[in-house]
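Remarks on the structure that follows.
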Amino acid sequence: DGFIVHNSCGDLFNHRIADLGEKFHGDDNIHLLMQVHDELVCEIRTELLAKYIYQIVPILEYNEFNIPLKVDVAIGRPSLAQKEKYIVKV
């Protein structure tokens, strides 16, 4: 049972990553670096973090099935080993 749901979630995530790639293609202020399991690692200029986070979150949360999806954001400074949760205010 969980297998179908698990694959469906992965498919949704992959589609949203493709959407992000299209949206930010050629933008030197943000780089989509890698996907690690259910995480997307991006490199964003510090002074533009909020601007990009508020664009990324709705894209990742969108799905054509109207299933509520929650995206958590963390900032890794100076590295991913030291992630801090970033509160996205709606």
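- The heavy-atom pair separating R45 from E47 by the smallest distance is NH2-OE2, 2.7 Å.
- Using a 4.5 Å cut-off between side-chain heavy atoms of Ile, Leu, Val, Met, Phe, Trp and Tyr, with links allowed through other members, I17 and Y62 fall into different hydrophobic clusters.
- To the nearest 0.5 angstrom, L32 atom CG is 10.5 Å from E43 atom CD.
- When the salt bridge (Lys or Arg N to Asp or Glu O under 4.0 Å) test is applied to D19, the partners found at least two apart in sequence or on another chain are R16.
- Residue V88 is grouped with residue L20 when hydrophobic side chains (ILVMFWY) are merged at heavy-atom distances under 4.5 angstrom, including chains of intermediate members.
- No continuous path of hydrophobic side-chain contacts links Y86 to L33 [ILVMFWY only; heavy atoms under 4.5 Å].
- For E64, there are no side chain to side chain donor-acceptor pair (under 3.5 Å) partners, not counting sequence neighbours.
- Between N63 atom CG and F13 atom CZ the span is 13.5 Å, to the nearest 0.5 Å.
- If you take CZ on F24 and NE2 on H31, they are separated by 12.0 Å, rounding to the nearest 0.5 Å.
- Rounded to the nearest 0.5 angstrom, D72 CG and D38 CG are separated by 9.5 Å.
- Contacts classified as salt bridge (charged side-chain N to carboxylate O under 4.0 Å, His left out) and involving residues 73-87 (residues at least two apart or in different chains) are given here: E39-K83.
- Taking NZ of K70 as the reference point, atom CG of L60 lies at 12.0 Å (rounded to 0.5 Å).
- Residue I87 belongs to no hydrophobic cluster, having no ILVMFWY side-chain heavy atom closer than 4.5 Å to its own.
- Residues satisfying the side-chain contact (heavy atoms from CB on, under 4.5 Å) criterion with L80, sequence neighbours excluded, are M34, V41.
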Requested in this report: Evaluate side-chain contact (heavy atoms from CB on, under 4.5 Å) for F65 paired with L12, printing each intermediate quantity in order.
Outcome: CA-CA 10 Å; F65 306 109; L12 288 172; 4.0 Å; yes

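- Evaluation of the side-chain contact (heavy atoms from CB on, under 4.5 Å) rule for E61 yields V57, V71 as partners, not counting sequence neighbours.
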Report task. Check the pair D27, Y52 against side-chain contact (heavy atoms from CB on, under 4.5 Å), reporting the backbone distance first and the verdict last. Result -> CA-CA 11 Å; D27 187 335; Y52 284 99; 2.5 Å; yes

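- Rounding to the nearest 0.5 Å places CD1 of I30 at 4.0 Å from CD1 of I44.
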